[in-house]
There are 4 protein chains.
Amino acid sequence: MTTAEQKRDHRRHQILDAAKAVFAERGFHNASINEIIKSAGIARGTFYLYFSSKDAVFQSILDSALVGLNAQIIGVDMSPGAEAPNVQLHQNVTRVLEYFLADRALIQLVITYGFAPDSESALGVDAFFGHVLELIERSLTYGMALGLVQKCDAGLCAAQILGSLRGGIQRLTTAQEDLDVAVVASQLVDFALYGVIARSQA
Amino acid sequence: MTTAEQKRDHRRHQILDAAKAVFAERGFHNASINEIIKSAGIARGTFYLYFSSKDAVFQSILDSALVGLNAQIIGVDMSPGAEAPNVQLHQNVTRVLEYFLADRALIQLVITYGFAPDSESALGVDAFFGHVLELIERSLTYGMALGLVQKCDAGLCAAQILGSLRGGIQRLTTAQEDLDVAVVASQLVDFALYGVIARSQA
Amino acid sequence: MTTAEQKRDHRRHQILDAAKAVFAERGFHNASINEIIKSAGIARGTFYLYFSSKDAVFQSILDSALVGLNAQIIGVDMSPGAEAPNVQLHQNVTRVLEYFLADRALIQLVITYGFAPDSESALGVDAFFGHVLELIERSLTYGMALGLVQKCDAGLCAAQILGSLRGGIQRLTTAQEDLDVAVVASQLVDFALYGVIARSQA
Amino acid sequence: MTTAEQKRDHRRHQILDAAKAVFAERGFHNASINEIIKSAGIARGTFYLYFSSKDAVFQSILDSALVGLNAQIIGVDMSPGAEAPNVQLHQNVTRVLEYFLADRALIQLVITYGFAPDSESALGVDAFFGHVLELIERSLTYGMALGLVQKCDAGLCAAQILGSLRGGIQRLTTAQEDLDVAVVASQLVDFALYGVIARSQA
DNA sequence: AATGAATGAGGGTTCATTCAT
DNA sequence: CATGAATGAACCCTCATTCAT
């Protein structure tokens, strides 16, 4: 039944949302099933009807976050009619920022905890970031071949770029509501492209 | 007696090393006193003869790591006779890299877990990174005033620089033994200064 | 649901009874949660579902005992129509004796351990006995004013009276089942009133 | 060697005194070997050179206290030339009081903890009080035979007398320094003999 | 489908006792 | 004799998970 399925899905999201908030606030280990079910307004047993374990909810949250993030990241299109690569990069970063700002708890979960292999649950995050790293690395290698990108260890450089994005995004956890996403995105991109040294005036 | 103190110190380090390894491998919460003492080859009670709690060892490890790191970081000297700022930066980064490579478990503890507010024990890390961020931010602001640094949100930019360093350093956890530290340091600095875009040949 | 509440109450009492027996036999410190739950036939965690700590069960046992005891003790009514003070005293003592004999473990807990400041848990007992002492002391002072009571240090005398009751009651721990409570009560009261010296026949 | 034995004895008493103070203040279970040796100013191992266990020191303290107490209690001499029984009783009680007041920690240990079978160590106290109870009981029985003592259950009555003494003595733990022992002794005896009711004027 | 009482493995910590020095 | 570092059994408590209702 569609209605039954809808109800089940609603319940599922109710739990996911509660769990997300608790995990974000307290961290995986300090978060207890107790807090989650209290926050979700459900009974202890109900939780296990929807998720097989504490690890499973955490994984589920991360998974959908990563799927969502993935959808924001679009490989740069270099074909003639496409927008300039700069602009495409900027759009990618803007989309990712907006995705995070729509649900700030995700910043903690993905950006912060995601990197800590504290819990076996976080495996997916490694894979995701690995995927992003590869994407960046490939782009760098391509750019180097074209002479657009400075020669460097592409893997290391990709790690630095990703790191700089993480560093920048992490700041947003506590950022004010009325943030100009476009401006922030510009700075994130510009830093990665040109560094901090003053660009000589054109 | 010097001998007694030496013995005590040796024991202490024996425990610290075991704990460091366990914390690095399993994370603060998943690490158990059991594993630590087994790894250190001591009895349960002995552990508490040297550290008052699990939190205390963790803190102790972090504290000495942060003190050590702090010693590697020397504010840039802008006086006439000093080395070029670039060189000083490079030296700073090199020292930090070498410090980490001498004890790779620290990379996990400081760089990875340090950022996760999961463990209440890690309070010192926040303070440390806050301190580093300030240092970077001040340098940026100063550089902007001098017209050497591109105009930007200094706080955000500092977060990006620190993030890029973290990203780069984190890669070293699994790096091969025979790493050319100077080369890596150069790339870390260059990225932060000039970004990835190819520098036009002079 | 009344049924659910009843069940919960039953469980609670099951634990309280087991704990009371263990505490009475072994004392607060030597009693272990292990023994209590084994004796109650429940799992470790179940215990903490009903009581927050070992101290809490102990306190709970004492509290309800003291409330119960308090209900047995009724201040002597000196108004014209009331029973003779002697009789009222006798009734009070009888009620207290019966209260204890209905649950002999309480004698150990309240009378014996209660006096030992060993267990920080027993704070309520001090307060209770302090209250009883005051009651006795006030009565004595009043009686002295009326010339009915021999002049003495009322505080010390109250301590003696309470002590004699404790001594007497403590004997009942091992007394035979078919005890004539009225007779014992008479002797307890008579001793406190007239001592051991033969009363000259009128 | 006498000197060696003296030294050993001195050490032993040093430990006993420290232990007595600690036990009196904290109770048997809350007292730790740590506190005792720190208070005695000796090393951990030294303690076990003089006493085989924590229980053993406690027992030793109680034993010597009971021996001392026993020496203060002299059976009433009813032979023609002897002092009046009243006076002898008074002297006994006075001696016991003075014994306790010379070392108030003993009041806690003997009077208070002694009654609680919390620790297996306290067995000697039961025996001692049992002995005292017998003494009192025999005197009562004898007195009843002579018609001097009111007919009663001698065992119960003895328990009451002992209880009243304990109650009275316990008050002295916190009594002021300048206490008139003779007066207190009089009241203790008078209460046991005549109770609280005003004696008709002679 | 939902409940929440019950479970018990596992956690960190204490402390009386031992033993090599 | 004296020391104090080392020991490990035992303690109280937490919390993810199960299951009868």
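Numbered from 1 within each chain, the chains take letters A, B, ... in sequence-line order. Keep in mind that what you see is a predicted model, and the values were worked out from it rather than measured.
Atom CD1 of D:I37 and atom P of E:dT18 are 15 Å apart (whole Å). Nucleotide F:dC1 holds its P atom 13 Å from the CD atom of D:Q6, rounded to whole Å. For D:K54 and E:dT18, the NZ to C1' distance is 17 Å, given to the nearest whole Å. Separating the CZ atom of A:F58 from the P atom of F:dA16 is a distance of 14 Å, rounded to the nearest angstrom. Between D:N34 atom CG and E:dT14 atom C1' there is a gap of 10 Å when expressed in whole angstrom units. Taking atom CD of C:E5 as the reference point, atom P of E:dG4 lies 13 Å away to the nearest angstrom. What separates CD of B:E35 from C1' of E:dG11 is a distance of 12 Å, to the nearest Å. Between A:K38 atom NZ and F:dC15 atom C1' there is a gap of 13 Å when expressed in whole angstrom units.
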Exercise. When you check every protein heavy atom under 4.0 Å of nucleotides 4-9 of chain F, what one-letter string (B, S, -) results, 5' to 3'?
Worked result: BBBBBB
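Counting heavy atoms from C-beta outward, B:Y50 and B:L16 have side chains that stay 4.5 Å or more apart.
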Problem set entry | Nucleotide pairing, DNA chain F (Watson-Crick or G-U, distances under 3.5 Å), in dot-bracket with [ ] and | | .||||||||||||||||||||
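A side-chain donor from one of A:R12 and A:S60 sits under 3.5 Å from a side-chain acceptor of the other.
Shown here for C:A24 and C:L109, the closest heavy-atom pair between the two residues is N-CD2, 3.9 Å. Closest non-hydrogen pair, D:A31 versus D:R26, comes out as N-CB, 4.1 Å. Smallest separation of non-hydrogen atoms from D:T46 and D:R11: CG2-NE, 4.1 Å. The shortest heavy-atom contact between C:I37 and C:N34 is CG1-O, 3.2 Å. Contact record, B:I15 with B:F51: CG2-CE1, 3.7 Å, taken as the closest heavy-atom pair.
Using the six-membered ring where Trp is involved, A:F28 and A:F23 have ring planes that are parallel, under 30° apart on the 30 and 60° scheme.
Remark: A:Q170 CD to A:Q108 CD distance equals 7.5 Å, nearest 0.5 Å.
A sub-4.0 Å separation between OP1 or OP2 of F:dC13 and a side-chain N or O of C:Y48 is present.
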